[in-house]
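In what follows, a structure is listed as structure tokens, so that the remarks can point back to it.
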Amino acid sequence: METTGAPAPPRSELSAALNAWFELSARELPWRAPDTTAWGVLVSEFMSQQTQVERVIPHWLEWMERWPTPSALAAAEPGEAVRAWKRLGYPRRALWLHRAAVEIAERHGDKVPADVDALLALTGIGPYTARAVAVFAFGDTHPVVDTNTRRVIARAVQGRAAAGMPAARDLTDMAALLPSDRAAAATFNAAAMELGAIVCTARAPRCDACPIANICEWRGAGYPDNAPEKRPKQAAFEGSDRQARGKIMELLRSADAPVAVADAVAAARAGRRPRGAPDPAQPRRAYDSLVADGLLVEFEGLVRLP
DNA sequence: AAACCGGGGCG
DNA sequence: CGCCCAGGTTT
């Protein structure tokens with residue numbers, strides 16, 4: 001790590017300031033309540049993958065009332081999980097969460113495993129979610145690094161405008177910042193995420209409200225390299241296969257009986273206004289991909305949720 | 001490493 | 001309208 005100018009403040013100063021701020025300013029998310037189960041934490045992490053937390057809250061409350069344990073969800077049809085997912089997006093997550101519930105019920109005695117490797121073996125759980133559950137549900141002391149934390153580390157520690165270092169580097173930097181105390185480590189992981197979500201935001205950081213502005217390397221250096229991180233430009237949603245898939249899923253979620261395959265394929269065309277010439281193969285392609293994903297089950301010319 | 005996977009909110 | 005979001009899986 002290159003260090004120029006005055007020596008950086010001790011790590012403990014950063015974590016102490018962030019944790020103190022978190023205790024005062026953290027959002028009161030329902031899964032942060034003291035009585036939340038490990039299952040509740042896991043569900044919140046699944047729902048929060050690429051979806052803003054505020055939009056997750058009502059879905060989480062409904063989900064936990066209906067399926068308070070992994071075995072409760074495992075006993076339901078997968079399609080019911082997809083239906084309850086509503087418009088959260090990425091419906092594969094609903095399917096994967098159901099599969100994870102089955103795996104927990106069958107292999108782990110209906111108890112969410114605390115071990116990172118066991119968590120990684122569950123469907124739909126990757127490096128981030130495994131660490132998040134281990135830390136927030138079981139008080140483990142691993143670094144939890146999501147997109148918010150990466151940005152906070154990039155700015156406060158690395159003096160960069162945006163995350164751009166390899167993810168392993170951010171993990172190492174976060175590990176070096178973690179307090180040794182178990183509870184403080186979990187709080188710090190949550191605090192770094194929280195800061196990135198509501199203060200140290202990507203678009204317009206609110207440095208006037210930041211508890212570590214005085215020790216932020218990026219601010220101290222005069223906000224250099226203030227350019228967005230290079231990321232592959234996501235294709236337009238309007239007219240995309242993703243939108244076509246969404247239309248089909250919307251039809252199937254609202255249907256209380258199987259629908260004709262032809263109607264499902266036709267749904268992909270509804271309400272679409274592509275800029276150029278429409279792709280005549282898109283509706284069928286979207287439908288087939290949903291079947292391949294296991295989100296649709298076809299039988300006798302009809303189709304239904306799994 | 002890159003592509004793919006929804007949908008909504010915000011500047 | 002462009003960018004971003006408590007990522008993960010597949011190729």
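We use all heavy atoms of the structure for the numbers below, so side chains are in, but hydrogens, waters and symmetry mates are not. Within every chain, numbering begins at 1; the chains are lettered A, B, ... in the order of the sequence lines, protein sequences first and strands thereafter.
- One finds a side-chain N or O of Arg151(A) lying less than 4.0 angstrom from the OP1 or OP2 phosphate oxygen of dC5(C).
- No donor-acceptor contact under 3.5 Å links the side chain of Ser48(A) to the base of dG7(C).
- Remark: Phe22(A) CZ to Thr187(A) OG1 distance equals 6.5 Å, nearest 0.5 Å.
- Ion pairing of Asp173(A) with Arg169(A) is present here, as a side-chain N (NZ or NE/NH1/NH2) and a carboxylate O approach within less than 4.0 Å.
- When the P atom of dG7(C) is taken as reference, atom CG of Leu171(A) falls 15 Å away, rounded to whole Å.
- Scanning for ring-ring contact (aromatic ring centres under 6.0 Å, His included) contacts around Trp31(A) gives Trp60(A), with sequence neighbours left out.
- Between Lys247(A) atom NZ and dG7(B) atom C1' there is a gap of 11 Å when expressed in whole angstrom units.
- The side chain of Asp146(A) lies closest to dG7(C), out of dG7(B), dG7(C), dG2(C).
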Tabulate protein N/O versus nucleotide N/O from nucleotides 2-5 of chain B, keeping only pairs under 3.5 Å, one per line.
| unit_1 | atom_1 | unit_2 | atom_2 | d |
| --- | --- | --- | --- | --- |
| dC5(B) | O4' | Arg92(A) | NH2 | 3.1 |
| dC5(B) | O3' | Arg245(A) | NH2 | 3.3 |
| dC5(B) | O2 | Arg92(A) | NH2 | 3.4 |
| dC5(B) | N3 | Tyr90(A) | OH | 3.4 |

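- With a 6.0 Å radius and a threshold of 12 heavy atoms from other residues, nucleotides or ligands, Asp256(A) has its CG atom at or below the threshold.
- Rounded to the nearest Å, the gap between the P atom of dG8(B) and that of dG8(C) is 23 Å.
- Side-chain N/O atoms of Thr129(A) include one lying less than 4.0 angstrom from OP1 or OP2 on dG8(C).
- Regarding contacts with the backbone of dC5(C), a side-chain N or O of Thr147(A) is found under 4.0 angstrom from either OP1 or OP2.
- In this structure, Arg27(A) atom CZ and dA6(C) atom P are separated by 7 Å, rounded to whole Å.
- Between Leu122(A) and Ala190(A), it is Ala190(A) whose nearest contact on DNA chain C lies nearer the 5' terminus.
- Which of dC5(C), dA6(C), dG8(C) sits closest to the side chain of Gln49(A) comes down to dG8(C).
- Side chain Gln52(A) to base dG7(B): a donor-acceptor pair is found below 3.5 Å.
- Looking at heavy-atom distances under 4.0 Å, Trp60(A) makes no contact with the nucleic acid at all.
- Proximity note for Arg203(A) (side chain, C-beta onward) versus dC4(C), dG8(C), dC5(C): the nearest is dC4(C).
- Of the charged side-chain nitrogens involved, none lies within less than 4.0 Å of a carboxylate oxygen, so that Arg253(A) and Glu250(A) do not count as a salt-bridged pair.
- Arg99(A) has its CZ atom 16 Å from the P atom of dG8(C), to the nearest Å.
- As judged by a 4.0 angstrom heavy-atom cut-off over every strand, Ala202(A) is placed among residues touching the sugar-phosphate backbone only.
- Counting atom types as modelled, Arg55(A) pairs no side-chain N or O with a base atom of dA6(C) as donor and acceptor under 3.5 Å.
- Checking Thr69(A), Val43(A), Ile104(A) one by one against Val112(A), the side chain to side chain contact (heavy atoms under 4.5 Å, CB included) holds for a single residue, Ile104(A).
- The residue Gly126(A) sits close only to the backbone: its heavy atoms come under 4.0 Å of sugar-phosphate atoms, none of a base.
- Each of Gly124(A) and Arg32(A) was matched to the nucleotide of DNA chain C holding its nearest heavy atom; the match closer to the 5' end belongs to Arg32(A).
- Annotation: side chain to side chain donor-acceptor pair (under 3.5 Å) contacts involving residues 296-306 of chain A, sequence neighbours excluded, comprise Tyr287(A)-Glu298(A).
- No engagement by Leu95(A) is indicated, since no non-hydrogen atom pair under 4.0 Å with the nucleic acid exists.
- Taking atom C1' in both dA6(C) and dA3(B), the straight-line distance is 22 Å, to the nearest Å.
- Contact annotation for Leu88(A): base contact, defined as any heavy-atom pair under 4.0 Å involving a base atom.
- With dG2(C), dC5(C), dG7(B) as the candidates, the nucleotide lying closest to the side chain of Phe237(A) is dG7(B).
- Side-chain contact between Leu252(A) and Val259(A): present, with at least one pair of heavy atoms (C-beta onward) separated by less than 4.5 Å.
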